[in-house]
Every structure is written in C-alpha cells, then in structure tokens.
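Just so it is clear: chains get the letters A, B, ... in the order the sequence lines come, proteins before strands, and each one is counted from 1.
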Amino acid sequence: MSRRTADLRVPAALLIPAALGVAILVLPMVGLIARAPWGDLPSILTSDEVLTALRLSLVTATVATGVALVCGVPIAWLLARTALPGRSVLRGLVTVPLVLPPVVGGVALLMVFGRRGLVGGWLYDTFGVSLPFTTEAVVLAQVFVAMPFLIVAVEGALRTADRRYEDVAATLGATSWTTFRRVTLPAVMPGVLAGAVLCWARALGEFGATVTFAGSFPGTTRTLPLEAYVAINAGDSDVAIVLSLLMIAVSVTILIGLRERWIGAA
Amino acid sequence: MSRRTADLRVPAALLIPAALGVAILVLPMVGLIARAPWGDLPSILTSDEVLTALRLSLVTATVATGVALVCGVPIAWLLARTALPGRSVLRGLVTVPLVLPPVVGGVALLMVFGRRGLVGGWLYDTFGVSLPFTTEAVVLAQVFVAMPFLIVAVEGALRTADRRYEDVAATLGATSWTTFRRVTLPAVMPGVLAGAVLCWARALGEFGATVTFAGSFPGTTRTLPLEAYVAINAGDSDVAIVLSLLMIAVSVTILIGLRERWIGAA
Amino acid sequence: MSLDADLTLRRGDLELRAGFAVAPGEVVALLGPNGAGKSTALQLLAGILPLDAGRVELDGVTLDDPAAGVHVRPRDRRVGMVVQDYLLFPKMSVLENVAFGLRSRGLPRDRARAEARDWLVRMGLDGYERRRPGELSGGQAQRVALARALIVEPRLLLLDEPLAALDAGTRPAVRAELRRHLGGYDGCTLVVTHDPLEAMVLGDRVVVLERGRVVQHGEPAEVARRPRTDYVARLVGLNLLTGTASGRTAQLPSGAVVALAHDATGPVHIAFPPVAVTLSPRRPDGSARNAWPLVIADLEAHGDLVRVTADGAVPVLADVTPLAVADLGLEPGGQVWASVKASEISVYPA
Amino acid sequence: MSLDADLTLRRGDLELRAGFAVAPGEVVALLGPNGAGKSTALQLLAGILPLDAGRVELDGVTLDDPAAGVHVRPRDRRVGMVVQDYLLFPKMSVLENVAFGLRSRGLPRDRARAEARDWLVRMGLDGYERRRPGELSGGQAQRVALARALIVEPRLLLLDEPLAALDAGTRPAVRAELRRHLGGYDGCTLVVTHDPLEAMVLGDRVVVLERGRVVQHGEPAEVARRPRTDYVARLVGLNLLTGTASGRTAQLPSGAVVALAHDATGPVHIAFPPVAVTLSPRRPDGSARNAWPLVIADLEAHGDLVRVTADGAVPVLADVTPLAVADLGLEPGGQVWASVKASEISVYPA
Amino acid sequence: DDGDDAAAGAASTTAPADDAPSGTVTVLAAASLTESFETLSDQLRATYPDLEIVYSFGPSSGLVEQLLAGAPADVLATADTKTMDEAVAGGVVDGEPRIFARNTLALAVPAGNPGDVTGLADLANPDLRIAICEPQVPCGGAAQRLLDAAGVTAAPDTLTTDVKEAASLVALGEADAALIYLTDAAAEGDAVETIDVPESEQVVNDYPVAVLTDAPNPDGAWAVADAITGEPGRSILGEAGFLTP
Ligand SMILES: Nc1ncnc2c1ncn2[C@@H]1O[C@H](COP(=O)(O)OP(=O)(O)OP(=O)(O)O)[C@@H](O)[C@H]1O
Ligand SMILES: Nc1ncnc2c1ncn2[C@@H]1O[C@H](COP(=O)(O)OP(=O)(O)OP(=O)(O)O)[C@@H](O)[C@H]1O
Ligand SMILES: [Mg+2]
Ligand SMILES: [Mg+2]
C-alpha cells in the first residue's frame, strides 16, 4: 500500500532498548566531534595527501562493492536455493573473513596472492604480475573482508522471500537465470541493498588486511583509514580524528542520499 | 512447501562469479592452513593463556551479540516501521561504526566512556565506576563495532516482510508490542539470525577498538585477536596463525551447528 | 451498536465517496464490480487506511474524522476482518492463528486455545489445529481466516468474500454457520460478495457500490426486483433498460419504443427476466406488443437452458431451451426477433 | 496433444492416488471438496512438486516417471498455470507480468508487450498496463493472472479456480472469453472449480476428486444426472441415497425402504431433486409410495424457494415455496413427512 | 644462570626485604616489548613473590590515549620519546621518564637474500621491492635519518605504518629489503637475514619508562620501573637485541 496510517505510539519495550542502543552508537561520535580540532580542520582537509587518500578510498570501496555484488549475490543464491552438497560447510567458510583478525587476513592473502604465494607465485612466474602493493591489492583485500557481509545479508533476504513466485516463473518457461534476474532479484532488492551498504562501509573502513597485503603507499594503496592510522601512530590523534570525521561525513552523506533514493523508488 | 523439486542445474552466469568469489574467500584460509605449524599445535592450543583468551572471546562476543539483539532489533524496527522524524539521519548515524577505523572507534569510546569522558566521568564521580580496561569495556567495544551489522540486516528483512500481516494483527486487537513479538519477529527471523551471525562474528574478530578502549589484560580484556597481536609482536607469527585457525574453527563449527538447527527448524 | 460511515478517499484512479449506515445486529451485503472500491472501503473502516475526508462512527464513538484529527487505531476499534487473501500468520499453527485475537485481548493461553478449538470444530476443521497455514488448501485457509475474525466477537465485522474459496459441499454449511452466528450477533456486519445468492441469504440489506459510489441500496428482494444499474441487473439475472415513459410507452435512448402494461411518466427503469423473452425467426404476430429485431452475439449453456445474448436497438438476454436453439437454428451472427409481453415488464422511476 | 497422468503422492494427511487422461483440445473440470488434493494435483502436473510414484505423459513425452528417474523441469514443460492466490510478480507492472512468459521464451520486448496489451484488453483491463499488482483489486489481479498463463499458449493449461474472485458482471464475460479461447485451443486443459455451472460451461468432461481419489468422472450432464457421492449430489443439487435393490424396492442401510419405478438389483444409487419432495404434516395418502417421517434440521431462503434440510432414516433436502413454509409452520426441530413419487426417482448401479 | 643471579642482586639493592612491594602492578607497554617484558616478569616473580605484574601491550600512542582517558595503570613504557612526551604533557607521569633501552635499525632481507642486497645503496633500486616505515612513525623517522646519513634516496614500494608489517613482508619474501629494528629482525628468526650497515650506530631510537601519577600501587610501580631500567631489565633487553643506554 502506498500510504497507510502510521502508528506513532511506540511500545516502551522497544523504545527503551532502542534508545540505549542509539546512545552506544552515537555518543562516541559526539565525543569525536567534541574533541576535533576545529581550527585546523580546513588545512588538514584540503591537504593533498588527504584528498588523494579520500579519492582512493572511495574508488576502491566502490569497486570492491561492485566485485562483491557480482560474486557475492550468486554465492548467496547458491547457498539459499540449491541443494549443493557441502553447502553448510561452504556457508561456514564464507563467514571466515568475518572472524579473522584483519592483520592475519592480510598475512593469509599474502601467503596466497603474494609473490611467493600459492596463486601469486604462479602469476608472477608466468606473467610477471605481482599483486601486493598495487591498488588492485587494496580492492582484493577489501573484497575479502567485506564480501561476507553482503553474502550473509543477501542469503537472509533470499530465505525470507516467497519461493512460489519462482515456481510460477518456471511454469512460464523462464530459465533459472531469467527467474533469478527478473523475479528473485527484484524481490530481495532491499536485502541486497542492505548488504551492499554493509559491504561498502566495511570496505571503506578496512585497515588491517589492506595495510598488510597491499601496503601503504600514497596515491596507490594508502586509503583514509591507513592515513588515520599513520597519524595515530605518529601521535597525531587530532589528525586521525579529523580524518575519521571526514570518512563518517562522506559515508553518511552517500548512504543517506542513496537510501532515500532506493527507498523512494522501492 | 516442505519438499520441492530441486533444480540442480545452475546457470553459468551465476556459477562463474560465485566460484571466483568462493576462491577469493577460501584460498587465503588454505594458505593459513598450509603454513600452520602443525607440530606445535597441541602445545599452543592447550596453553593457559590461549584457553583463557578463547573463553573470554566466546563469552564477550556472545554477550555483545545478546546486547546487540536487545538494542539493535528495536532500532531496526524503528527505522523500518515508524515515521520517526530524522529517521534517515539516524539510519546514517547507525552505520557510522562500520566506516570508523576501529582504533579511532576505541579512541572515541574512551572520550565518552573513559574516566574523564562525557559519560564515564559522571559515572566515575557518582558511582565510582570506571568502564575502560574491564571485561564490560570489551563487550561495549564489541557492541559498538558489531551492532550496526545486525541493525542493517534486520532492517533489510523488515522491509522485505509483508506489512499486511501486521494490519491484520492490529484489527485483531494486538498491541504493537504483541504484533511485533508474535507476527513481525517470526516473519523476519531469518534476517535476524543472519544479522546475529554477522554481529557475533564481527565481535569475535574485533581488535582495534578493544585494544584501545579496553586494553589488553590477560583474563579480563585480552581476547583471542589481541592474543594473536601479542604473539605477532613477540615475533611468534606461528602462534598468531594457530590462534586465527582456532578462531576460525570455533566460529565455523558454531555457525554451522546453529544454522543447521535454525534452518532445520524454520 | 450501529455504524455510520461517510468515506472519501482518492487512491490511484479510484475516487471513493460512499456513505452508508449499518444498524445494530444488521448484516449489510456490499456488492459491486471488480475495482469498485469494496475492499478499500473495508480497509478504511478497519482503520488500516486513513480517510481523506468524511467520518466513521461506531456505536456513537467517532473512529475517524480527519477534519477533527480523530483516528482510532485499528487495534482499539474492535473490528474483525477477513481479507480476500486470508493473510494467515505463516509461522503460527492454525490453532494459534485462531486464538491470536483472544490472546491479544489478554485471555489466558489455555482458555483462548480451548475456544479456538471450538471454532475450528464449527468450521469443520477438526484435527487441523497443528497445521501451518502453508499446509492448508485454499478453502481450509479461508475457513481458518473466518474463525480467526469471528472469535473475538468484534463490534464491527468486515468480511471480504469470506466464502469465495469454499467448495460446494462446505459452502452451505459454513454459510449456515455464519448466518447462525450473525443471527445471534448484535454488532454490525458488512459482507463483500459476488454471489447474489449469498447476498440474499446473509444480507438484511444490500448496498451496491460502483466506481466508488453507492448506486443502489435496500432490501435484497427489492434490489433484486428493481435493479437500477446494468451491473445489478446482470447480477440478479434481469434485463434492464432505461428510457423516458409517457403513458403506456417508453422511449429508449436508441429510439426504440417499449410498450408498458401500466401508465408511467418521466425517466424510468424497465426490467424483465430472460425467460420472459421469446425468440422467433420472423416478426411475431401474437399478443406480445414488444418485438425487436436483433443479432445474436453469444450462446452459452446454462443449466437446463441456453442463454442467448442478442444485440440491437434493445439489447436483451434470453433464456431458451436447447430444443428451441436447434429449431430456430440460432448461432452467433444470426438474425432473430425477440418479443416480451408488456405484462412481464416491470417499470419503476429511474 | 494429450495428457495421461497417474499421480501418487503423500503429503501430510493427503494420500493422492489419482489417474486421469485429458484428450487433445479437451477441457476437464476438476471438482472436489476443500482439501481433496486438486491444487496438489495441478502442482504435480506443473512439475513444481515431485511425484512419489506414478507417471505423467504429455503428448507422448514422459514428463515424470520417478521409477525411471525422469523429471522434466517446470520451465521445459510448457504448462500454463493460474494459482489460487495469483502470485503476480509484485515488482513488475501488470503489462510486464503478462509479457513475462513471452519474454522468457525469447520474444523481443516490443512484440511481447504488444501481445500482452491485446490480452489485457480481452480481459477488460485496458488502461491497467502500468499498475503494480499491489494496486489491483482481487478480481483484477485474477484476470491478470489468467492472461499471464494464457498468453504463452501452453500445451497443458492448469487453472486453479480461475474465476473465483470475479464479480458477477465480469464473470460471464471472462468465462466466455476463456471458453472461446479454449475452444480454439488444441492443448489439454484442467480447470479446478467449485462452481457447478462453471464446470458445466467450461468442461467437456468432469473429474471429481475426493480425499485424493477420483470418485467419479464423465460428461458433465451424466455426472449431474447420476451423482455417485454425497459431494457430487450436493454440488448438482440432488438428493442421493445408496442402497441394495431387488425388484421394485431398494433397502437403505438404515433399514428404510424406497419404492422404485423400474426393476433393479444389487447395490444402487438413488437420486431425486429437492423440488420433487413434497412435505406434509401427516402421512400422505396420495399416490406417492415413498413417505418418510423426518425432523427438520434447517431452513434457508434460496432464490424464490426455501431449502429444507430434514433428518431421519432417509435424510432429504426439499425445496418448497415460502407459502408452504408458512402453511405447514415449518421450523427447525419440527416433525414432517416427506414424500417422493417413484417416477421422480432415478436409479443406477452403485 | 647469569640472568638469575643478576636479577637477585639487583633486587637486593633496590628493594629492602622488610618492605618488599606487593600487590598488582599494571604496566602499559609498547607492543615491541612483549617478549622481553614477559621474561622480565617471570624473573621478578622469584624476587618479589607477592608482586603480580599485569601487562597491557599495545601501540604506544594508544597506551597514552588510554592513560589520558584515566586508565588505572602504574607504569608506562613506550617505544619512543614523542609519545612519552605527550603523556608528560598530559600530566599523568610522575617524575622524569627514564630511557631504558635503545633500538637500532637493521637492513633486513629474506632468507637467501633473493634481491642480492649488499648495502643501503640498494634501497634506491626501483627494481627491488622495498619496505620502509612511514616517516611520521618512530621507525620511519629513524629510517629517514639513517638514509640521510648514508646519502641514499630510497625508492620504497610501501611505507608501513608499523615496523612489524615491514618485518613480516620480508619474512614472507614479499619485500626484497626493509629497514626494520634489529629486535624485530631477531624476532623473525631464520626467515630474515640482516646486512651490516655501518651508519646504523648513528641512529638510535629511545624507549622511555615512567611511573604514573595516579598509580594505584606506587611502591610496586617504582620497583618494576627500577627493574626495567636496571637489572634484570638490561640483560634481558640486551639479549633481545636492544642496546642499553
Ligand atoms: N495501492 C493502490 N494504488 C492505486 N490504486 C489502487 C490501490 N489499491 C487499489 N487500487 C485501485 O482501487 C480500485 C478499488 O480497489 P478495491 O480492492 O477496493 O476493489 P474491490 O471492490 O474490492 O474489487 P474486487 O471485487 O476485485 O476485490 C481498483 O481499481 C484498484 O485498482
Ligand atoms: N505442505 C503441506 N504439508 C502437509 N499437508 C498439506 C500441504 N499442502 C497441502 N496439504 C494438505 O493436502 C490436502 C490437499 O490440499 P490441496 O491444496 O491440494 O486441496 P484442494 O483440493 O486444492 O482444496 P481447495 O478447494 O480448498 O483449494 C489438504 O488437506 C491440505 O491440508
Ligand atoms: Mg476486493
Ligand atoms: Mg486448492
């Protein structure tokens, strides 16, 4: 229904924990804002390094989300819709990057895609291609840590969706690909969007795996979180706070903008 | 329908990207396993510190997930179902911890809940309670970084669910709380479970905010990822890998176990 | 208890502007073509959709009055509703579905379940308590939805085609059960139906909605005898013409003239049953003063008779025997004369 | 093209074990009480549910044969299906829904849409192309579902109560459209319906399913005249008794004896219409040789007549005029004698 | 052995037996001190049986951040003077911080030296994969000074934010050479070889330790700080590759 009577009275049983939760999430932000060196802000924000890092962050996180959508949505579909043998093990493996401390994740990536790694060694010997210390490596690290979020969110949505629509599409002669594209995917769009948001945000904030696997070189691999971490390690937590606020501002703006649009369209 | 004809033929358009995605996610694990010092495994795994850290990790991640469920599901409900003013801004703020580099998140938490922080100062002066460097602080840090995953996943599920069931419940005299508990929540259960899985896994792997906000004290705040960090810094990257594999094994086992049960029940 | 409703709403291309009242204990059958706004009207009364304007009053209490900013929430209205696609709660058992309303109103679990069990028995669903809605057939689901709405003894009962999916065997039984229940019920009931028999059996009064407006209302027999729109005429199986009478004749907009048995003046409705129409290959020269040349559009078997749809200056439906069809060699596109005795025609002011 | 189906499936408490065939171009009406397994049978034929055992063959091609491990996927079967709750794709427009099947079969977008537009016009839904399914009324949605299934010209058409939600005005028109379409269609059609008229109008043959078994099948007129189960009898509006005949009498299990007009032997069905039953306050002494004392269970207005349900050794339904009800002072619980002339009774082997 | 004797001797001079420190001492220490400090507390246990040392290891800057937020700790040991200065400026330090260890840089290469690195000059070779710490962090500042002293302009492929990253890149063979601390090179064991760099003596990084103003256990704190700056700290740190002041 396009319009409905909105019940504005909210049960206290929901409101109280919600308020508590919002406090936990929002107060630290307030702390950051209170502590931010507002005077130095303009000079920090307009410095070349910061702008370069911001651009790099936005580009890599967006590309990584694209890759995660292309690879992750099919994985979620396999998990939710097929009788693949070993499906539950696959589901477990796919959530591994969630628990792996990101630095260990970076080491693991190096062991596989590094110059002496399982796959990377072959790539290097055959094509002379080496992934680490490139922007592609940043994207790969981000895909590794962020795609599981997308997969889990999309699988949840697929399980909520009514499968009978897919049966109807099949009787109408649709291939499973057509059914997926025209019936299943539109139905789970809110879940895909939620997953993409999680994935993008996680990729944007990704630090540990990136710094280990891709390194940290201005312009090619140093994203905003790395820039912030450098600042913290250099004892410059003011700069780190400004950079974090910048990331927050950018992502919140983009997320609010996109979501309003999606929700408006949905 | 309880049983249906399973279509095992999978469209290549889905299978190829899915295989690629699985490779990205699973190969690094293989690398870790290949590199693990299998001989030392028993002694490392049964050492006191590791067992303590494991217990602490499991307890804190589980408690944090509980807190996130209690606070986060209502927040998702507010975002998806009410006409709260400023809802889209709230939605943006709630995703902030996703992009915040965890270490900065820890700094922000200190600034608010530290003994000299906005809230922490008042707590300390009034009750003599100090949060940082306690197990509670670990939980708080984990809730801060992990709850957004739950919220986003649950909101996605709520938007997919058919609201007309809630209308019917209302005409039957159900309060919005009853409707939520008996109609809405069961309908979005797959989404809530997906969100809880993400949240738990993220809490289990949490490092940056914890080390900054809660410190790294054996027995009270040193969780497995911190133990792995300590090991790396002690030059013991073998131990770090073993610890990571332990975390992976534990979480995959638990996740597969739980999910099979849930999915069986659903 | 009584319902007084004046509903105004614009939604898509629907412009709903309907006022009607339901007396305490009365059952009003809401009839109307697809898309007339019947389901929408029920949603407005249930409080699920907000009114644009107008007013809903139940039992002296204002439930809706947008001008005064009044809107009572659905759950405080004590309405019971059965919707067209049932919407049984998918994760609850059948028993829990039926017991839901009582539980929501605070009854202890055991008593709610016991009462729900009674209702299931009355609906012929003994033994289905523990099923999930997904494991029910269409008709079974509809009966569960009905039980779920009736059990809370709402003050206003809104039934949207409550019997449409029932089989011919169960339907009279459930209809009788519903009629019995409604007979002893002092609340107001609105039943949407497409089945004229159902409207007659269940309804004390009939309200006909077309394109968002009330086009006719009254006792079922009165409505059945004197339809005012084509839709109602088709529903009750009458031919309906509209014209201007003067004396013993009435002129139709097409120019054709109809002979009447009694005097009448001004705009009138002219109704006669299909069985009163005689078809003949040539202009009849009997006593029937009404005879029109027509072209056959369609033939359809229909119980023991064949219904003939014929077009022309005076389009009519005629019911004839299969024998007559064969004798007259009727077939679509064929020419035929239709005649009706003036005494078979009923005339009433438009 | 012809369908040959032998379906075996156990699901919940349903034990489906039904075999039937549909000839090329034939329309079979599938009748049966709620929960008989009609929708389940259609799902099996569509290939959405797997058979436990049995075999489905369409046009000489085996679609299902669990014993041989054969199962053709739904999308390769070229079946068209309209399900009870429509399941229109919610995110597509009405036009896209109807065009979906053609697009899936590779037709270019423009041609698919043009054809879909034609179908919408035929279904009386001109101007609804751009609506979303959520913005349709129940009857409108049903017509869209019908158009979506018909447009792909499937070899096997499965219609699950395709007209149940249509209003009385549209129903004959859509039914006629459907009949016209099916008339020129050489595939096999199965229509599930609860409306006996619809079964007669649409069906070339009738198959009656009860508790998962085929209990009767044949020409509509034959089934209507000689019902073999209570359900069918109620459906076609006949009284049905079962007994053992010998000569001109038949004995019922209750011990009551029925006089027959012709000789018969062995187990028989005895059928007579409710209008053939005469009610009287005392034992009638006329020519009717069948007279039984009964207790009135229920009265229900029913068009111009009142239907009386009476229980006793020979339970019967009787249709009497409202005048008779008043004269005889009929009311539930009252005693009455029912009589039927032997010549009104039809007898056929059970 | 030697270490045990030295520890016992030091303890007897700095802490009279009659008022031996007891209770819990909380030490916030830079992550690079992990191994040495764990050994230290094992040895101190013999001297002060009633004293329990609890460590929280982390990045130096994070530790200072925690102290400024009111962490209830007794001793702070950082990996550079800059972060310690911040703590001093924040007023959480009691007295002057003392330097207890120094670290020098080493030119580290993977086992077998696949890049044939011979000296600092090779760091300018763009064909080699070089990891150097980011100039703003302590080890990076030191590296910069060392390169300046040698007159080399390095061509790094990555500027690591933490010396451990550079160390593990070398250990995994992903980098052909890196400038890392001698202690980190030692910790990587056989996976890493070091190449002698004469200029390295000129560039050292200081590790200061200080007792904290709000120390809940000042007696214990002083005892531990003394053990770090004196014996047994010196020997243990020396064994781990630190220089002692
Ligand atoms: N959300 C909506 N947006 C726009 N138009 C809508 C919406 N919902 C319903 N309509 C339109 O409003 C009209 C009335 O719909 P409603 O469901 O009330 O009809 P109805 O009388 O119940 O018909 P039926 O007998 O087919 O169930 C229809 O033309 C329908 O297309
Ligand atoms: N998933 C299921 N699990 C168990 N039982 C089921 C399931 N689906 C249907 N049934 C049962 O199977 C029987 C047949 O159902 P089906 O839907 O085929 O009936 P139907 O003949 O179409 O009835 P209706 O006329 O009410 O639509 C019913 O008793 C139903 O309760
Ligand atoms: Mg409707
Ligand atoms: Mg059915």
Side-chain angles (χ1 to χ4, degrees), chain A residues 1-6 69 73-74 76-78 80-85 153-154 156-196 258-266, chain D residues 39 42-50 63 72-93 96-107 109 112 116 131-136 144-145 147-160:
Chain A
M1 267 164 255
S2 49
R3 213 178 40 145
R4 44 175 62 234
T5 58
L69 279 169
V73 172
W77 183 84
L78 282 180
R81 284 287 186 281
T82 62
L84 214 67
V154 175
L158 280 169
R159 293 201 172 276
T160 320
D162 189 340
R163 293 181 61 167
R164 294 179 305 154
Y165 290 103
E166 297 165 24
D167 292 340
V168 171
T171 67
L172 288 169
T175 60
S176 40
W177 168 241
T178 305
T179 305
F180 170 76
R181 197 171 47 85
R182 297 203 53 207
V183 177
T184 314
L185 201 55
V188 299
M189 219 45 196
V192 173
L193 295 181
L258 284 182
R259 290 218 120 205
E260 286 308 302
R261 264 189 133 179
W262 291 335
I263 291 170
Chain D
S39 301
L42 295 202
Q43 284 171 7
L44 289 170
L45 293 174
I48 294 168
L49 272 179
L63 296 182
V72 175
R73 286 179 298 177
R75 69 159 157 123
D76 296 327
R77 293 190 173 210
R78 296 210 60 177
V79 297
M81 186 155 164
V82 173
V83 289
Q84 270 177 305
D85 37 7
Y86 326 144
L87 296 178
L88 297 179
F89 303 126
K91 310 275 161 159
M92 290 181 203
S93 71
E96 286 167 336
N97 261 283
V98 177
F100 185 87
L102 295 180
R103 298 272 294 130
S104 292
R105 287 180 158 81
L107 229 71
R109 185 197 201 91
R131 294 277 186 102
R132 302 267 145 176
E135 301 167 358
L136 295 177
V144 175
R148 182 176 65 174
L150 292 178
I151 197 172
V152 295
E153 313 219 330
R155 298 187 302 160
L156 172 61
L157 190 56
L158 306 169
L159 306 174
D160 204 346

Show the numbers, then the answer: is there a side-chain contact (heavy atoms from CB on, under 4.5 Å) between V183(A) and F100(D)? CA-CA 10 Å; V183(A) 177; F100(D) 185 87; 3.9 Å; yes
At a 3.5 Å cut-off, give me the donor-acceptor pairs between chain A and chain D, one pair per line with the distance.
from	atom 1	to	atom 2	distance (Å)
R164(A)	NH1	D85(D)	OD2	3.2
A170(A)	O	R75(D)	N	3.3
L172(A)	O	R105(D)	NH1	2.7

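Only the backbone of L88(D) comes within contact range of chain A, judged by heavy atoms closer than 4.5 Å.
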